[in-house]
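All figures in this text were calculated on a predicted structure; none of them were measured in a lab. Note: hydrogens, waters and symmetry copies are ignored here, and every other heavy atom, side chains too, is used.
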Amino acid sequence: MNVRTASLPDAAAVAQVHHTTWVTTYGAILPPEFWATATLERRVATWRRWLANGAAPLVAEVDGVVVGVAMAGEAVEQEDIPPVRDAQLYLLYVLAEQHGTGVGQALLDATLPPGTPAQLWVAEDNPRARRFYERNGFVVEGARVVDTTMADLAEIRMVR
């Protein structure tokens, strides 16, 4: 496994991981109307824009294929809820076939070194991700939002 900073030529591969993990994790939770517009093509365009504008996520590769992506930065307000930490994990996605292989752990550790105070928002109905973050010192802090841009997906804040 290789962890490195993504660049513009990685946009399609990163989008593929992002989209595939969303379909795998939230396919049954989010309504069909959401998926009508949450297409792979839109994700590719979004990642091209983000990478062209300076986003620097980390990707994990296995045998030269991108299998995970993570990105952190300055904590931001969400739904009028101010941040409680300076750093925030914005995203961490790993293909299901790589779960349990250490890819997610390597990405988290490279993005937010162990012990770094940080916050993240995770889908309330994603017990696998919540357990992963708990193993890494994050605890549910109490803040909860319902993201109307994601078909009313409920998210909770975790902090360490």
Indicate yes or no for a side-chain donor-acceptor contact from [X] to the backbone of [Y] under 3.5 Å, with no hydrogens or angles considered.
{"X": "Asn126", "Y": "Ala129", "result": "yes"}
{"X": "Gln88", "Y": "Tyr90", "result": "no"}
{"X": "Asp109", "Y": "Ala106", "result": "no"}
{"X": "Thr21", "Y": "His18", "result": "yes"}
{"X": "Asp10", "Y": "Ala6", "result": "no"}

message: Val103 vs Met1, test: side chain to side chain contact (heavy atoms under 4.5 Å, CB included). Steps then yes/no.
response: CA-CA 8 Å; Val103 169; Met1 175 185 35; 3.6 Å; yes

- prompt: Is there a side chain to side chain contact (heavy atoms under 4.5 Å, CB included) between Leu92 and Val69 once you walk through the steps?
  reply: CA-CA 6 Å; Leu92 193 159; Val69 59; over 6 Å; no

Measure the [atom1]-[atom2] distance between [X] and [Y] for me, rounded to the nearest 0.5 Å.
{"X": "Asn2", "Y": "Leu58", "atom1": "CG", "atom2": "CG", "result": "10.5 Å"}
{"X": "Arg48", "Y": "Leu8", "atom1": "CZ", "atom2": "CG", "result": "7.5 Å"}
{"X": "His19", "Y": "Thr39", "atom1": "NE2", "atom2": "OG1", "result": "7.0 Å"}
{"X": "Arg144", "Y": "Arg157", "atom1": "CZ", "atom2": "CZ", "result": "14.0 Å"}
{"X": "Leu89", "Y": "Thr116", "atom1": "CG", "atom2": "OG1", "result": "11.0 Å"}

field: Contacts of type side chain to side chain contact (heavy atoms under 4.5 Å, CB included), residue Pro31, not counting sequence neighbours
entry: Glu33, Phe34, Ala151

Less than 3.5 Å apart, which donor and acceptor atoms pair up between the side chains of residues 70-85 and the rest of the protein, not counting sequence neighbours?
unit_1	atom_1	unit_2	atom_2	d
Gln78	NE2	Glu155	OE1	2.9
Arg85	NE	Arg160	O	2.8

query: Do Arg128 and His99 have side-chain N/O donor and acceptor atoms under 3.5 Å apart?
result: yes

- request: Could you tell me whether the side chains of Tyr93 and Trp22 share a donor-acceptor contact shorter than 3.5 Å?
  value: yes

- prompt: Between Asn136 and Leu108, is a side chain to side chain contact (heavy atoms under 4.5 Å, CB included) present by the stated rule, with each step listed?
  reply: CA-CA 9 Å; Asn136 282 280; Leu108 180 62; 3.5 Å; yes

field: Short N-O contact, Asp125 and Arg130, less than 4.0 angstrom
entry: no

Over 12 foreign heavy atoms within 6.0 Å of CG, Asp86: no

- request: Apply side chain to side chain contact (heavy atoms under 4.5 Å, CB included) to the pair Thr20 and Leu95, showing each step before the final yes or no.
  value: CA-CA 7 Å; Thr20 300; Leu95 295 175; 3.8 Å; yes

For the student: nearest non-hydrogen atoms of Gly68 and Val17, plus distance: CA-CG1, 4.0 Å

